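Beneath this line is the structure, given in structure tokens, with notes to follow.
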Amino acid sequence: MQNHAYSRLGSFGGGNGALPSPPSSPRRAWGRKPSAKGGSARAATGAGAGAGRGGGGAVRRAARVVLAALLRRQAVFLFAPLLYVAAMLLYMGSISLDSVPRIISRPAPGSLYRSPQLYARLRADMDADNATDALATVWRHAYKGGVWRPCIRNNTYDLPEPNGYIYVEANGGLNQQRTSICNAVAVAGFLNATLIIPNFHYHSIWRDPSKFSDIYDENHFVQHLKNDVRVVDKVPEFIMERFSHNLSNVFNFKIKAWSPIQYYKDVVLPKLIEERLIRISPFANRLSFDAPPAVQRLRCLANFEALKFSKPITTLSDTLVSRMREKSAENNGKYVAVHLRFEEDMVAFSCCVFDGGDEEKKELDVARERGWRGKFTRPGRVIRPGAIRMNGKCPLTPLEVGLMLRGMGFSNNTSIYLASGRIYKAEKNMVPLLEMFPLLQTKETLASDEELAPFKNFSSRMAAIDYSVCVHSEVFVTTQGGNFPHFLVGHRRYMYGGHSKTIKPDKRRLAILFDSPRIGWKSLKRQLLNMRSHSDAKGIEMKRANESIYTFPCPDCMCRSNKSEQSKSIQAR
């Protein structure tokens with residue numbers, strides 16, 4: 001059997017009963033001539049097949065010959081790129097460079113500030129189209145969530161004995177300090193602690209030494225919180241004696257930003273019970289937006305009910321609101337408030353390029369170094385102004401705000417209240433906005449020098465006046481984001497039954513529209529009206545996860561956007 005098996009293997013291999021050798025590679029087989037042994041039989045077979053298939057065998061043989069030649073000469077493929085490059089160099093050397101077409105690189109749409117050119121080109125058409133008045137038509141959408149239920153419910157139970165005292169230092173500007181105050185109230189209530197009236201940390205940029213009572217009505221604050229959180233104006237003497245009457249000896253917590261409320265219960269509360277007095281400094285944004293309903297209720301109570309501006313600020317603000325309504329008599333006392341962030345520090349921080357050329361660049365470089373020493377010049381820092389503008393991060397100029405509002409249908413007899421600090425190069429940049437809206441007012445034009453004198457050197461008090469006048473406007477326009485508009489939009493929702501008439505423009509789209517060299521006034525207006533309509537719908541949108549309760553002051557952290565959802569919620573309860 002074994003010999004018979006070997007003999008069968010040998011018949012396939014053509015040998016004398018030995019094991020067959022491995023099959024030869026096709027490359028070598030194609031190039032071989034048929035051996036004498038068995039050659040005639042294979043030739044005859046091939047001839048017969050060739051006769052039967054026409055010229056197919058000849059084509060395959062020719063292909064095999066060509067492929068074998070290429071495979072034998074693989075080195076040719078290695079030198080082919082070198083030969084190509086050499087040929088191109090010889091060819092280019094024989095042509096004059098003057099005859100080679102130039103490649104012109106065009107900036108990406110929206111990467112350049114060309115709004116002044118657009119305004120100059122469209123101004124005549126804009127002035128001719130002054131028939132529509134957006135104040136008469138805003139808003140088509142009302143709040144559709146049924147009955148508006150604000151985020152505050154009155155407490156009916158008595159407060160237990162407190163676990164100790166909490167002292168916080170609020171840092172930042174007016175509205176960052178406001179965040180700190182509301183968060184401090186929420187933490188103190190959650191930990192059953194007595195809150196000391198927050199101390200305002202002096203900020204190197206805001207440079208406002210105002211105390212709590214200079215900006216807010218302290219008695220009103222204490223009285224509105226008395227059923228929920230104990231608030232006192234200073235630490236009792238018997239507690240301060242333990243720390244040698246020096247607050248720097250009090251244990252200070254360094255808490256990470258956006259810490260969950262559970263952290264305060266697990267880490268801060270034991271130390272509070274042990275020490276009876278703790279300090280948290282700094283305290284801006286040290287509590288997560290995502291919190292239980294009880295914590296959110298305390299935040300709302302502090303922000304929308306307990307925090308009331310001091311008597312001097314409230315008196316002047318009420319006067320300015322009355323004057324704005326008098327100047328808006330043609331529009332039934334309705335006016336538009338615009339929060340414009342085009343101060344020198346904001347323009348410098350944005351790293352955007354406008355139309356001031358080399359002089360502007362030098363000025364803003366100095367401002368950046370003065371305000372943020374080394375931040376923008378450190379090694380590896382790459383600043384791309386075009387990309388910043390395309391991404392919608394550049395502050396809108398006064399001219400762009402005017403173009404936007406006129407395109408959204410606000411006529412030139414609309415009264416505008418401009419909330420802003422000192423405008424960068426106001427003598428130049430404010431001219432086009434005043435041309436488009438001659439009834440524009442600011443706190444400086446509405447109030448006399450004597451009325452503004454007590455507030456003029458205090459940035460937070462001046463911001464509080466702007467805040468108060470904006471709250472009562474028919475429409476609020478935000479142009480750059482930040483704490484000011486976030487609080488204001490929420491406050492207006494709280495006051496106006498859940499709906500806030502707010503314009504928050506899509507600045508990426510605006511960058512492209514204002515950089516369009518051929519766009520006409522009708523096309524620009526159509527697209528801006530569509531943008532305004534989208535802002536209108538935003539007044540009734542549902543709250544997204546982790547949104548600030550200060551912007552969406554609604555129960556269960558949700559603004560219901562249709563009645564069916566509202567009814568389902570009521571039935572579930």
Side-chain angles (χ1 to χ4, degrees), residues 126-145 147-148 150 304 309 313-340 398 401-420 433-448 451 465-479 484-485 488-505 525 528-540:
M126 181 195 305
D127 291 342
D129 179 21
N130 197 42
T132 59
D133 186 6
L135 273 177
T137 59
V138 291
W139 291 138
R140 281 181 280 178
H141 302 290
Y143 176 65
K144 298 180 181 179
V147 179
W148 170 253
F304 300 111
F309 288 124
I313 292 174
T314 302
T315 301
L316 181 58
S317 299
D318 291 344
T319 300
L320 300 190
V321 170
S322 297
R323 291 173 186 173
M324 277 302 304
R325 287 173 174 163
E326 289 172 6
K327 293 180 181 295
S328 309
E330 288 187 23
N331 291 303
N332 298 317
K334 299 176 180 179
Y335 61 93
V336 176
V338 179
H339 182 224
L340 180 61
V401 169
L403 272 175
M404 179 185 73
L405 292 179
R406 288 299 301 271
M408 288 181 174
F410 293 95
S411 64
N412 65 1
N413 67 346
T414 302
S415 293
I416 303 285
Y417 180 81
L418 195 69
S420 175
L433 180 57
L434 288 169
E435 289 172 349
M436 288 182 269
F437 292 99
L439 299 182
L440 183 142
Q441 302 289 338
T442 66
K443 53 186 173 296
E444 288 82 6
T445 60
L446 286 172
S448 66
E451 288 173 318
I465 294 171
D466 276 341
Y467 185 100
S468 301
V469 181
C470 289
V471 159
H472 297 286
S473 63
E474 179 70 13
V475 180
F476 173 64
V477 182
T478 172
T479 64
F484 185 100
L488 194 60
V489 168
H491 208 145
R492 288 165 56 81
R493 281 195 177 110
Y494 185 82
M495 289 177 61
Y496 299 127
H499 183 74
S500 176
K501 298 180 182 181
T502 301
I503 293 176
K504 185 179 180 182
K525 184 175 181 179
L528 288 174
L529 283 171
N530 180 61
M531 190 181 296
R532 193 199 90 186
S533 177
H534 182 62
S535 287
D536 182 9
K538 282 187 175 184
I540 55 172

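The shown structure was predicted, so the numbers you read here are calculated from the model rather than taken from an experiment. As a basis for the values below, the full set of heavy atoms in this structure was taken, side chains included, without hydrogen atoms, waters or symmetry mates.
- Here the CG-CG distance, from Asn413 to Asn130, works out to 6.5 Å after rounding to the nearest 0.5 Å.
- Considering OG1 of Thr502 and CG of Leu488, their distance stands at 7.5 Å, rounded to 0.5 Å.
- Of all the heavy atoms in Thr442 and Tyr417, the pair that sits closest is C-CE1, 3.8 Å.
- Under the 4.5 Å side-chain criterion, counting only non-hydrogen atoms from C-beta, Val321 is not in contact with Ser468.
- Side-chain contact check for Tyr496 versus Lys501: every heavy-atom pair is 4.5 Å or farther apart.
- The salt bridge (Lys or Arg N to Asp or Glu O under 4.0 Å) test applied to Lys443 returns Asp466, not counting sequence neighbours.
- Annotation: side chain of Leu135 is in contact with side chain of Thr414 (closest heavy-atom distance under 4.5 Å).
- Summarising the geometry of Leu529 relative to Met408, their closest heavy-atom pair is CD2-O, 3.3 Å, with the distance given to 0.1 Å.
- Under the 4.5 Å side-chain criterion, counting only non-hydrogen atoms from C-beta, Gln441 is not in contact with Leu418.
- Applying the side-chain hydrogen bond (donor to acceptor under 3.5 Å, both in side chains) test to Asn530 and every residue at least two apart in sequence or in another chain returns nothing.
- Checked against a 6.0 Å centroid threshold, the rings of Tyr467 and His491 count as neighbours.
- Between the side chain of Ser420 and the backbone N or O of Leu340, at least one donor-acceptor pair lies under 3.5 Å.
- Thr319 and Glu451 get closest at one heavy-atom pair: CG2-OE2, 4.5 Å.
- Taking Glu435 as the reference, Arg123 meet the salt bridge (Lys or Arg N to Asp or Glu O under 4.0 Å) condition, with sequence neighbours excluded.
- To the nearest 0.5 Å, atoms CG (Asp127) and CG (Asn412) are separated by 7.5 Å.
- Going from atom OG of Ser533 over to atom CD1 of Ile503 covers 11.0 Å, rounded to the nearest 0.5 Å.
- With respect to Glu330 and Arg325, no salt bridge is recorded, no charged nitrogen being found less than 4.0 Å from a carboxylate O.
- When atom types are taken as modelled, the side chain of Arg492 and the backbone of Ser473 share a donor-acceptor pair closer than 3.5 angstrom.
- Judged purely by atom type and a 3.5 angstrom limit, Ser415 uses its side chain to pair as donor or acceptor with the backbone of Lys327.
- Side-chain contact between Lys525 and Arg406 is absent, with no heavy-atom pair separated by less than 4.5 Å.
- In terms of heavy atoms, Met404 sits closest to Pro505 at SD-CB, 3.5 Å.
- Using a 4.5 Å cut-off on side-chain heavy atoms (C-beta onward), Phe410 and Ile416 make no contact.
- Val336 places none of its side-chain heavy atoms less than 4.5 Å from the side chain of Glu474.
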His472 and Tyr335: side-chain contact (heavy atoms from CB on, under 4.5 Å), yes or no, with the steps? CA-CA 9 Å; His472 297 286; Tyr335 61 93; 3.8 Å; yes
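- Between His339 and Val477 there is no side-chain heavy-atom pair separated by less than 4.5 Å.
- Atom CD1 of Ile465 sits about 11.0 Å away from atom CG of Asp318, to the nearest 0.5 Å.
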Checking Leu528 against Arg532 for the side-chain contact (heavy atoms from CB on, under 4.5 Å) test, could you report, in this order, the C-alpha distance in whole Å, the side-chain angles of both residues, the deciding distance, and whether it holds? CA-CA 6 Å; Leu528 288 174; Arg532 193 199 90 186; over 6 Å; no
